[in-house]
A.B. asks: 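Take this structure first; my questions come after.
Start at 1 and go down the list; that is how both ligands and their atoms are numbered. The analysis underlying the following values was restricted to heavy atoms, covering all of them including side chains, and did not include hydrogens, waters or symmetry mates.
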Amino acid sequence: MAPDFQKTIVGLLLTLSFLTYSFYLYSSLPVRDAVFTIDVDRGKAIWQQHNCTACHQVYGLGGYLGPDLTNEYSKRGPDIIKAMIRTGTKTMPAFNLTEEETSSLLSYLKHIDQTGIADPRSFKIKLDGTIDQE
Ligand code: HEC
């Protein structure tokens with residue numbers, strides 16, 4: 001049995017390395033600055049009300065009938081998204097949203113586009129095990 005003094009030193013070293021590593025991880029999170037406005041919040045509520053997530057993923061989470069829409073805004077642009085919501089396709093239902101609702105929904109899609117990248121194939125794994133999204 002190691003003396004109590006040695007146990008205390010080992011305990012302190014483990015606690016210190018835990019705190020240092022936690023601080024390092026949390027201070028290097030890939031968080032992006034994107035302003036969350038009331039309009040974005042309304043758009044998110046519309047997204048939830050119409051249950052888009054039943055068929056679409058955001059940041060990779062959600063239903064798998066339709067594609068992930070995290071980066072849809074920069075990939076397709078607002079006009080195509082608007083047309084898609086208004087007319088639908090064989091597999092995507094059309095949604096009868098007002099101009100205002102559509103515009104809020106677009107703000108939400110623009111916001112999520114600015115805050116993350118959905119496709120993990122584009123991530124670079126760094127030596128410390130964290131990822132680089134650019
Ligand atoms: C019942 C399932 C379902 C729901 C609910 C749904 N979608 Fe879709 N959506 C799809 C499918 C399936 C596609 C692919 C359609 C195709 O390519 O013909 C699609 C395609 C899209 C696209 C075009 C994606 C691309 O790049 O091709 C957009 C934008 C979109 N949906 C937005 C929405 C929004 C916004 C909502 C909620 C208001 C919603 N969808 C709700 C099934 C759904």
A.B. asks: Do Glu72 and ligand 1 have an N or O pair less than 3.5 Å apart?
C.D. replies: yes

A.B. asks: Would you find more than 12 non-hydrogen atoms of other residues, nucleotides or ligands less than 6.0 Å from Gln114 atom CD?
C.D. replies: yes

A.B. asks: Any heavy-atom pair between the side chains of Tyr59 and Thr115 that's under 4.5 Å?
C.D. replies: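 Side chain of Thr115 against side chain of Tyr59, heavy atoms only: contact under 4.5 Å found.
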
A.B. asks: Taking non-hydrogen atoms only, is Thr89 closer than 4.0 angstrom to ligand 1 via side chain, backbone, both or neither?
C.D. replies: side chain

A.B. asks: Give me the residue, atom name and distance of the protein heavy atom closest to atom 14 (C) of ligand 1.
C.D. replies: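 Ranked first by proximity to atom 14 (C) of ligand 1 is Pro67 CD, 3.9 Å.
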
A.B. asks: Could you point out which residue of Ile46, Leu105, Thr102, Ile85 forms a side chain to side chain contact (heavy atoms under 4.5 Å, CB included) with Phe95?
C.D. replies: Ile85

A.B. asks: Quick one: nearest non-hydrogen protein atom to atom 33 (C) of ligand 1, plus distance?
C.D. replies: Met92 CE, 3.3 Å

A.B. asks: Answer yes or no: are there more than 12 heavy-atom neighbours, outside Ile125 itself, under 6.0 Å from its atom CD1?
C.D. replies: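 Counting other residues, nucleotides and ligands, CD1 of Ile125 stays at 12 neighbours or fewer.
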
A.B. asks: What residue and heavy atom of the protein are closest to atom 28 (C) of ligand 1, and at what distance?
C.D. replies: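 Here the nearest protein heavy atom works out to Met84 CG, 3.5 Å.
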
A.B. asks: Considering only protein heavy atoms, which is closest to atom 36 (C) of ligand 1, and at what distance to one decimal place?
C.D. replies: Cys52 SG, 2.8 Å

A.B. asks: Whether the side chain of His56 engages the backbone of Leu69 through a donor-acceptor N/O pair (distance < 3.5 Å, no angle test) should be reported.
C.D. replies: no

A.B. asks: Please give the atom name: the N, O or S atom of His56 nearest to atom 8 (Fe) of ligand 1.
C.D. replies: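 Of all N, O or S atoms belonging to His56, NE2 is the one nearest atom 8 (Fe) of ligand 1.
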
A.B. asks: Using protein heavy atoms only, decide if any is under 4.0 Å from atom 17 (O) of ligand 1.
C.D. replies: no

A.B. asks: Among all protein heavy atoms, pick the one closest to atom 4 (C) of ligand 1 and tell me residue, atom and distance.
C.D. replies: Cys55 SG, 3.3 Å

A.B. asks: Quick check: do Glu72 and Met84 have side-chain heavy atoms less than 4.5 Å from each other?
C.D. replies: no

A.B. asks: For atom 12 (C) of ligand 1, state which one of Asn71, Thr91, Leu106, Leu105 supplies the nearest heavy atom.
C.D. replies: Thr91

A.B. asks: Nearest 0.5 Å, what's the CD-CG distance between Glu101 and Asn96?
C.D. replies: 9.0 Å

A.B. asks: Does ligand 1 come near enough to Asn51 that some N or O of the ligand is less than 3.5 Å from an N or O of the residue?
C.D. replies: no

A.B. asks: Counting from 1, what ligand 1 atoms have a heavy atom of Ile81 closer than 4.0 Å?
C.D. replies: 29 (C)

A.B. asks: Around atom 41 (C) of ligand 1, find the nearest protein heavy atom and jot down its residue, atom name and distance.
C.D. replies: Phe95 CE1, 3.4 Å

A.B. asks: Report the part of Leu69 in contact with ligand 1, treating N, CA, C, O as backbone and CB onward as side chain, heavy atoms under 4.0 Å; options are side chain, backbone, both, neither.
C.D. replies: side chain

A.B. asks: Tell me whether the count of non-hydrogen atoms from other residues, nucleotides or ligands lying under 6.0 Å of CD1 in Ile38 goes above 12.
C.D. replies: no

A.B. asks: Is there side-chain contact between Thr37 and Ser107, with heavy atoms separated by less than 4.5 Å?
C.D. replies: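 Thr37 does not reach Ser107 side chain to side chain.
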
A.B. asks: Would the distance check show the side chain of Asp68 and the main-chain N or O of Ala118 forming a donor-acceptor pair, the cut-off being under 3.5 Å?
C.D. replies: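 It does not hold such a pair.
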
A.B. asks: Just to confirm my output: which protein heavy-atom neighbour is closest to atom 27 (O) of ligand 1, and how far is it?
C.D. replies: Arg76 NH2, 3.5 Å

